[in-house]
Structures are given as C-alpha cells and as structure tokens.
Amino acid sequence: MPQYQAVKGARDIFPEEAARWKHVEGVVHALAALYGFNEIRTPVFEYTELFQRGIGSTTDIVGKEMFSFQPDPNGRSITLRPEMTAGVMRAALQKNILGTAPVQKLYYISELFRKERPQAGRQRQFSQFGAELLGVSSPAAVAEVITFMMQVFDSLGLRGLRLRINSLGGTHDRLRYREALQAYFSPYRQKLDTPSLERLEKNPLRILDSKNPDLQEIVSGAPKLYDYLDTEALDDFDKVLFYLSERGIAFDIDHRLVRGLDYYCYTAFEVTGTELGAQDAVGGGGRYDGLARELGSSSDIPAAGFAVGMERLLMTMEKQGLFTALKLQAPLVYVVLQQQEYTDVAMQVTFRLRKSGIRTEADLAGRSMKSQMREANRLRCSFALFIGENEVATGQYTLKNLVTSEQSTLPLDRLIEILHEPASGE
RNA sequence: GUGAUUGUAGCUCAGCUGGUUAGAGCGCCAGGUUGUGGCCCUGGAGGUCGGGGGUUCGAGUCCCCUCAUUCACCCCA
C-alpha cells in the first residue's frame, strides 16, 4: 500500500476514462443547447442553513450525510454541497434572474459530496448533470425536463432504462394523505422497524419506500396517494403522461414512488437501470414549487428539474459496451532522432509540425532509437519522422508510414503538406 | 453508523496440512539489429507478502488488534 491514497469515497480519473467523461459531457452540452438550457456553475460550498431549509431537516442527506465545517471560530457553518438544486435556486434568487426573464432554463455538470459508506455506484465525491426549469409550473415544463433527460440517455446509446413516475399532488393533497397514512400505520407500531417509526412522525410518505421485506405486506395495504389527489393534480399528471406518450417515451406509473427530498410536489420520477447493483437509480427529479418560498422568496417560483448520476451513467454505459470504440487520440507523427546531438533539430522540427497543426510527439528523455520507435508504436502514431546524420546534412527528412512501412525523404515543407492530406489522417 | 468480504510485483493472480534465496502471465526496461517499431528470442529491474503485536526452532501461511478495499443494509445520483 502506498503511503498516500485518495480519500475514502473519492477517486482518480485517468486519461482513458477521462475520454469517456468528455464524450458524455459533450452529449450533455450539445443536447442542453438543443433544448435551450444554459449552463450554470455555483460554488461547491454554501452556508449550511441553505441545505437544511432547502432539502429538509428530516432527510438523511441533511441529517447525517453532509460534510460541514466552521472555517472561522465564531463564523457560520459551511457545507460541501450534497445536491445542486438548493444552490441553483439560491443563485437565481440572489441575482433575481427571474426579474429579467420570467422563465429560466439552467443545467449543470457538477461535483457533489455526501458522507456515506462507499459501495458500488456510490461515492463520497460524485457528480451529477441536471437541469432546473424555473418560473413555469406546467405539465409541459415537467415533460420538457424529462424529455431532455431521456434524450441524453438515448443519444448515448443506453438501453433498458426504466422510467418510473408518480404524482405527489399539491400541498393540500399531501397533508390529507399524510394524516391518512399516520392513521393507517399507527395500529402497526409494534411491527414497524425503527426507521419507519421515526418516519411515521416526521415524514410518513417515506415508509412506502421501505425495502424491508417484513413490512411489504403492511405497506401494500396502505392507502394510495393516488386516491387523495384532487382533480387539479390528476389533470396535471394525466397531461404529463400524455406528453410523454406522444413523444414515445415509455414509463411505468408507480404510486409508491416518493423520493427522499422534501421539496418535491406533483410529478416525481426516477430512472433505474439493471446493471448497477443495489444502487440502481441513475437519475430522478420532479417538480418543486415550494422550494423558492422555503428559501425566503416573497413570490412563488414554480420549478421542475432532474439530476443524473454521472458515475452511474458511465457505469451503465460501460456494462452495455458503449465505450469500446472510444480511444485516446493518437499523435500523427513521432519524431525519432538517431543520436542525442540532434535533439535541438528535433525540437525545432517538432515545433514546426505542431505550429502547422499536426499532432506531434517526440522523445524528451534521450532514449534509444528502438525505444523511440516502440513508443511511436505504443502511442499508435501513423508516422515516424527520422532525424539523423543525412537529414541534418541535407535538410531533407525521412518520413515513414508506420502502417505500410513505406518511407520517403523530402524537405520538411513538403512533408508537412503530405501530412496535411486527408489520407494521412489529419 | 451496522454487517460481510478481500488485502502477495505496475496489473491479473499462484503459493499444498507453517519449513531452504516468494513465483507465473501481462506490462515496463535493455539487448539480439551501433539509422527503423509491431512478431519472436534472451536478459534485467521491480515485492517492508497492507501495518503492528503474538504463538512457534521457524509465519505470506495460525491468533489478536489496526488500517484499507469491495459488496450489502440504511438512503440516495
């Protein structure tokens, strides 16, 4: 074991994997532009209260998973962001961007931090891409956000992802339902497990999420949220489903889908994959009309958004073999020098090639010709350009095609022309 | 936070009931070809056997502690 290791739950991404990230990020950026979402970058830390208010103090994230610290002895507590929505909303309110344009469509690809035990598909530092649509509260807005997300999956070539969707109703609906749940579960107190008992008081909806097999029977008999939705909520939900169907987006209605964050209302959704192990959620989101008020806004700001776990997305793509064709970009030319005394010439030539836009690599370590050739081969270069006694004397250099093994000796200007020809791969 | 799992070379792993200088494949470096790679051949470098303690004549192998990994629970992306 080396003396220093990456912090628990944090990992390094080396060049080959970084290429995969760039590929995925490229698709996200391109589709965001297509859908009219603009990138926002917010600080990695915020005042702790923001998350306590925004995410909800009863949630696990706030209760036990935040990296919080106090930089100044008597100063305010600061927290490494465990999710993006609260920060984005804070930024929007702080600058009052809705004052200049009443609808804001924002997206991000950002690093998040949660103090959990790492396991497959879960790290302490991880990243999400996501979108937030602020200022509109229509089924069309929710459908737009979901469609954007699903098209990213589609464009990346993902198959077999499952979209589950539910309506949580408005505040009134949820209040009535909450009481109904408490009434239903209270007689079962003896049988409930500790976390469920706690939820019974704080947030009974989340009992429905329980995976405890012993509780399944009780849970399945619980009142359905769906039966407590008023017509407005039902119409809203139907409309969202209508848009999705019309666009050919498959979904499963799941009346037990609740989601862990307090701020969701009306539509909530989640996308799961089968290749991820226990942590099978790739992304999720919903509508959160109440968040802005929670954060001190004097007016209502309806909003909808989603977040997708980049690591889980990449993991699923890997399992589905979607990266096989992706390789690091190879240099076109490797400059090989016969003896070290030609280093200066080699550096000049290398520079000229690069200046003309040709991806060029050269030996910086003074290694043997054989090593240089092996290196050229390892890097999958298409050409080797030799600098030796003859070349220096005549000013004509030897270019070898490493695939066909053909080589010719010509002035550098001429070689650069050849290298720029499409057949050369440039 | 709880449970289980694994920890031997850069990587993937051997190492029988504890017994001489700890191995293989791949990778890396060098040479075979002092102006030419991929294949092949030869050689080489590289290991506090995660760390500490204990049992023993003797520990990579057994025991304890510790650190780390991985997976699962909880919850979530």
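Treat the numbers as computed from the prediction; the structure is a model and nothing was measured. For the numbers below, each heavy atom of this structure counts, side chains included, while hydrogens, waters and symmetry mates do not. Each chain gets a letter, A, B and so on, in the order its sequence line appears, and its residues count up from 1.
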Result block: side-chain N/O donor-acceptor pairs under 3.5 angstrom for residues 29-40 of chain A, not counting sequence neighbours:
from, atom 1, to, atom 2, distance (Å)
A:H29, ND1, A:Y107, OH, 2.5
A:Y35, OH, A:Q151, OE1, 2.4
A:E39, OE2, A:R41, NE, 3.1
A:E39, OE2, A:R41, NH2, 3.4

Please report the distance separating the [atom1] of [N] from the corresponding atom of [M], rounded so that it comes out in whole Å.
{"N": "B:U2", "M": "B:G47", "atom1": "C1'", "answer": "35 Å"}
{"N": "B:A68", "M": "B:A77", "atom1": "P", "answer": "27 Å"}
{"N": "B:C73", "M": "B:G15", "atom1": "C1'", "answer": "36 Å"}
{"N": "B:G50", "M": "B:U8", "atom1": "C1'", "answer": "10 Å"}
{"N": "B:G60", "M": "B:U48", "atom1": "C1'", "answer": "13 Å"}
{"N": "B:U5", "M": "B:A72", "atom1": "C1'", "answer": "10 Å"}

Polar pairs (N or O, both sides) under 3.5 Å between protein and nucleotides 36-39 of chain B?
from, atom 1, to, atom 2, distance (Å)
B:U36, O2', A:K400, NZ, 3.4
B:U36, O2, A:K400, NZ, 3.0
B:U36, N3, A:Q407, OE1, 3.0
B:U36, O4, A:Q407, NE2, 2.8
B:G37, N7, A:K400, NZ, 3.3
B:G37, O6, A:S405, OG, 2.4
B:G37, N1, A:L402, O, 2.5
B:G37, N2, A:N377, OD1, 2.9
B:G37, N2, A:L402, O, 2.7
B:G37, N3, A:N377, OD1, 3.2
B:G38, O4', A:N377, ND2, 2.9
B:G38, O6, A:S405, OG, 3.2
B:G38, N2, A:L402, O, 3.4

(request) Tell whether A:E116 reaches the base of B:A77 with its side chain through a donor-acceptor pair below 3.5 angstrom. (result) yes
Touch check for [X], heavy atoms < 4.0 angstrom, all strands: base, sugar-phosphate only, or nothing?
{"X": "A:A120", "answer": "sugar-phosphate"}
{"X": "A:G121", "answer": "base"}
{"X": "A:R380", "answer": "nothing"}
{"X": "A:E111", "answer": "nothing"}

(request) Report the residues that fulfil ring-ring contact (aromatic ring centres under 6.0 Å, His included) with A:F51, sequence neighbours left out, ordered by chain and then residue number. (result) none
(request) Using side chain to side chain contact (heavy atoms under 4.5 Å, CB included) as the criterion, list what pairs up with A:R352, not counting sequence neighbours. (result)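 Testing A:R352 for side chain to side chain contact (heavy atoms under 4.5 Å, CB included), a comparison that skips the adjacent residues, returns A:L412, A:D413, A:I416.
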(message) If the test is side chain to side chain donor-acceptor pair (under 3.5 Å), which one of A:Q125, A:E311, A:E17 qualifies with A:R11?
(response) A:E17
Going by atom type alone, with no hydrogens or angles, which donor-acceptor pairs under 3.5 Å involve a side-chain atom of residues 320-327 of chain A and a protein atom two or more places apart or on another chain?
from, atom 1, to, atom 2, distance (Å)
A:Q320, OE1, A:R159, N, 2.9
A:Q320, NE2, A:R159, O, 2.7
A:Q320, NE2, A:E275, OE1, 3.4
A:Q320, NE2, A:E275, OE2, 3.2

Name the closest nucleotide to the [X] side chain, picking from [options].
{"X": "A:Q119", "options": "B:G35, B:A72, B:A77", "answer": "B:A72"}
{"X": "A:R117", "options": "B:U2, B:G35, B:C71", "answer": "B:U2"}
{"X": "A:S371", "options": "B:A77, B:A72, B:A30", "answer": "B:A30"}

(request) Specify the residue among A:E311 and A:L276 whose closest nucleotide of RNA chain B lies further upstream toward the 5′ end. (result) A:L276
(message) Using heavy-atom distances to pick each residue's nearest nucleotide on RNA chain B, tell me which of A:R122 and A:K8 is more 5'.
(response) A:K8
(request) Starting at CG of A:L415, measure out to CD of A:Q396 and round the result to the nearest 0.5 Å. (result) 8.5 Å
(request) Quick one: which residue pairs count as a ring pair (Phe, Tyr, Trp, His ring centres under 6.0 Å) with a foot in residues 345-373 of chain A, not counting sequence neighbours? (result) none
(request) Just name whichever nucleotide pairs with B:C26, Watson-Crick or G-U, keeping both distances under 3.5 Å, else none. (result) B:G10
